[in-house]
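Here's the structure we're looking at; comments come further down.
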Amino acid sequence: MPAPFVVDLCGFRDGRPTTSDASAPISVELGRVFFEKLGVPLEKEAVKNVDKVWAKAMVADLSAQLASVAPHLAIEPEQSLEDFEQYAHLKAARDLAADDASLEVDHALQRLASDSDMSVDTRELLQDLQGAMHDLDIRRRSLVDLLWDESPLRLDVAAHRTLNLHGDAEVTHLVAGFSLKWSLRTDRLQDPRTQGAKMAAMRRGRMPHFAAVTMEPRPYMLGRLGMGLGDLDCVYHLHLPALTASVDEVLAERRYRKQRETFHRMIDQRRLRDYDELVGYLATL
């Protein structure tokens with residue numbers, strides 16, 4: 001079953017479906033047929049802040065569908081990778097940069113050095129300590145510069161569970177993460193793939209299931225996202241049956257043969273899956 005909330009998210013802007021690229025006539029035509037098959041009224045206006053509305057609806061739907069079959073899973077939006085046990089080490093550089101203990105020690109040593117009654121031996125010892133603290137601070141800053149990277153990656157939707165890995169200590173384990181892309185443009189294609197590659201490279205332990213979820217109708221764009229090198233496990237579509245019917249209808253001409261073949265190849269290879277498979281797979285994790 002496709003996503004039950006999908007029609008609520010669809011709408012038109014200036015007479016064009018919100019999934020369509022206004023500069024590409026075939027995208028607009030495909031989007032219109034797609035929305036027609038979904039049963040989206042022509043007068044339905046575009047949803048404002050669709051990404052946030054979508055994430056909220058998807059979290060609610062997944063939570064409800066998985067409550068009985070996978071009650072151990074928690075579904076949440078907008079989660080930082082470093083909040084999960086496989087990526088907790090990413091906090092190290094951030095914590096190290098924020099650590100001002102050496103500054104406090106240096107201030108204390110300066111106050112002691114202001115004592116005029118201090119013996120020569122004690123003053124020399126203080127100077128040695130101040131020199132050591134200075135060298136330590138330089139090494140700390142160098143380490144921070146080496147480790148420091150961009151802001152922590154965030155998942156649009158995350159599925160996680162609590163585990164007991166170290167005795168009685170409970171940790172939050174990331175089971176699956178999803179990057180939500182309502183539609184795809186050249187500048188949006190790279191985000192999920194980059195995120196997936198970083199998640200694989202930075203993890204400690206098992207790689208979580210990671211996939212993109214989209215409403216993009218164009219086979220060409222879906223292929224550019226899903227026919228990659230393994231950065232994504234797959235691409236989920238919110239309503240694959242309606243999109244399949246739309247692609248076969250709108251792209252029936254011979255000149256679109258390659259696009260149709262790419263689209264069906266992605267489905268056959270399970271690179272492109274329906275939302276229902278997302279739900280079913282999560283229930284097994």
Side-chain angles (χ1 to χ4, degrees), residues 1-47 50-51 54 178-194 196-197 210-278 280-281:
M1 181 182 72
F5 51 82
V6 64
V7 175
D8 294 335
L9 302 175
C10 297
F12 293 84
R13 182 183 296 111
D14 298 327
R16 293 183 291 268
T18 52
T19 57
S20 299
D21 183 351
S23 63
I26 191 63
S27 174
V28 176
E29 182 182 356
L30 183 56
R32 284 175 177 162
V33 173
F34 182 34
F35 277 20
E36 180 182 338
K37 293 186 182 301
L38 289 175
V40 182
L42 289 173
E43 64 274 11
K44 190 172 185 295
E45 296 184 357
V47 176
V50 67
D51 290 337
W54 173 14
F178 301 101
S179 175
L180 309 187
K181 296 295 180 186
W182 181 250
S183 59
L184 299 173
R185 302 293 183 269
T186 301
D187 58 340
R188 301 175 196 165
L189 282 169
Q190 196 59 33
D191 290 346
R193 296 177 64 173
T194 299
F210 180 70
V213 189
T214 187
M215 265 292 280
E216 173 61 50
R218 289 173 294 174
Y220 171 71
M221 284 297 183
L222 291 171
R224 288 189 60 185
L225 179 62
M227 302 287 279
L229 300 176
D231 301 329
L232 300 171
D233 291 340
C234 63
V235 177
Y236 291 106
H237 201 278
L238 293 185
H239 205 307
L240 191 55
L243 178 60
T244 301
S246 302
V247 167
D248 289 341
E249 177 180 327
V250 177
L251 304 182
E253 296 181 24
R254 183 179 180 85
R255 56 178 170 155
Y256 297 123
R257 178 180 176 180
K258 186 175 181 179
Q259 291 191 46
R260 291 198 316 275
E261 289 180 346
T262 296
F263 178 77
H264 285 286
R265 187 180 304 116
M266 288 183 67
I267 296 175
D268 293 341
Q269 295 177 349
R270 294 183 52 74
R271 295 175 185 266
L272 181 61
R273 307 179 189 181
D274 191 48
Y275 177 82
D276 189 48
E277 290 199 58
L278 184 160
Y281 186 62

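Everything numeric in this text was worked out from a predicted model, so none of it was measured. Because only heavy atoms are used, hydrogens play no part in the values below, and waters and symmetry mates are left out as well, while side chains stay in. Positions are given from 1 along the sequence.
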Pair Met215-Val50, side-chain contact (heavy atoms from CB on, under 4.5 Å): steps then yes or no
CA-CA 11 Å; Met215 265 292 280; Val50 67; over 6 Å; no
Indicate the atoms forming the closest heavy-atom contact of Arg260 with Glu253, along with that distance.
NH1-O, 2.9 Å
Atom CG in Leu225, atom CE in Met266: separation rounded to 0.5 Å?
7.0 Å
Checking the side chain of Arg218 only, and the main-chain atoms of Ile26 only, is there a donor and an acceptor separated by less than 3.5 Å?
no
If every non-hydrogen atom of Asp274 is compared with every non-hydrogen atom of Pro241, which pair is closest and at what distance?
OD1-CD, 3.5 Å
Please check this pair: side chain of Ser179 against backbone of Pro192, looking for a donor-acceptor N/O pair closer than 3.5 Å.
no
Walk me through it: do Phe34 and His237 pass the test ring-ring contact (aromatic ring centres under 6.0 Å, His included)?
CA-CA 13 Å; Phe34 182 34; His237 201 278; 5.7 Å; yes
Would you confirm whether Ser183, through its side chain, and Ser20, through its main-chain N or O, come within 3.5 Å as a donor-acceptor pair?
no
Sub-3.5 Å donor-acceptor pair from the side chain of His239 to the main-chain atoms of Ala3, do we have one?
no
What one should report as the nearest heavy-atom pair of Trp54 and Trp182 is CZ3-N, 3.3 Å
Can you name the closest pair of heavy atoms from Leu42 and Phe12 and give their distance?
O-CD1, 3.5 Å
Thr194 side, atom OG1; Leu189 side, atom CG - distance, nearest 0.5 Å
10.5 Å
Would you say the side-chain atoms of Lys44 pair up with the backbone N or O of Cys10, donor to acceptor, closer than 3.5 Å?
yes
Got Asp21 and Met221 here, is their nearest side-chain heavy-atom distance under 4.5 Å?
no
Please report the interatomic distance CG(Leu272) to NE2(His264), rounded to the nearest 0.5 Å.
10.5 Å
Before you tell me yes or no, could you show the steps for Thr18 and Phe35 under side-chain contact (heavy atoms from CB on, under 4.5 Å), namely the whole-Å CA-CA distance, both residues' side-chain angles and the distance that decides it to 0.1 Å?
CA-CA 10 Å; Thr18 52; Phe35 277 20; 4.1 Å; yes
Say you draw a straight line from CG of Leu251 to CD of Gln259; how long is it, rounded to the nearest 0.5 Å?
5.5 Å
Looking at side-chain heavy atoms only, is the closest gap between Thr214 and Leu184 below 4.5 Å?
yes
Arg257, CZ: over 12 other non-hydrogen atoms inside 6.0 angstrom:
no
Closest non-hydrogen atom pair, Val235 against Gly226
CG2-CA, 3.8 Å
Is there a side-chain contact between Pro219 and Leu30 in this structure, where contact means two heavy atoms from C-beta onward sitting under 4.5 Å apart?
yes
Just wondering, do Pro4 and Tyr275 contact through their side chains at under 4.5 Å, heavy atoms?
yes
Please find the pair of heavy atoms, one from Asp8 and one from Val47, that lie closest to each other, and give the distance.
O-CG2, 3.4 Å
When the ring centroid of Phe263 is compared with that of Tyr256, is the distance short of 6.0 Å?
no
Distance-only, no hydrogens or angles: does the Arg273 side chain make a donor-acceptor pair with backbone N or O of Leu278 under 3.5 Å?
no
Give, for atom CE of Met227 and atom CZ of Arg271, the distance between the pair rounded to the nearest 0.5 Å.
5.0 Å
CZ-CZ distance between Arg224 and Arg188, expressed to the nearest 0.5 angstrom:
13.0 Å
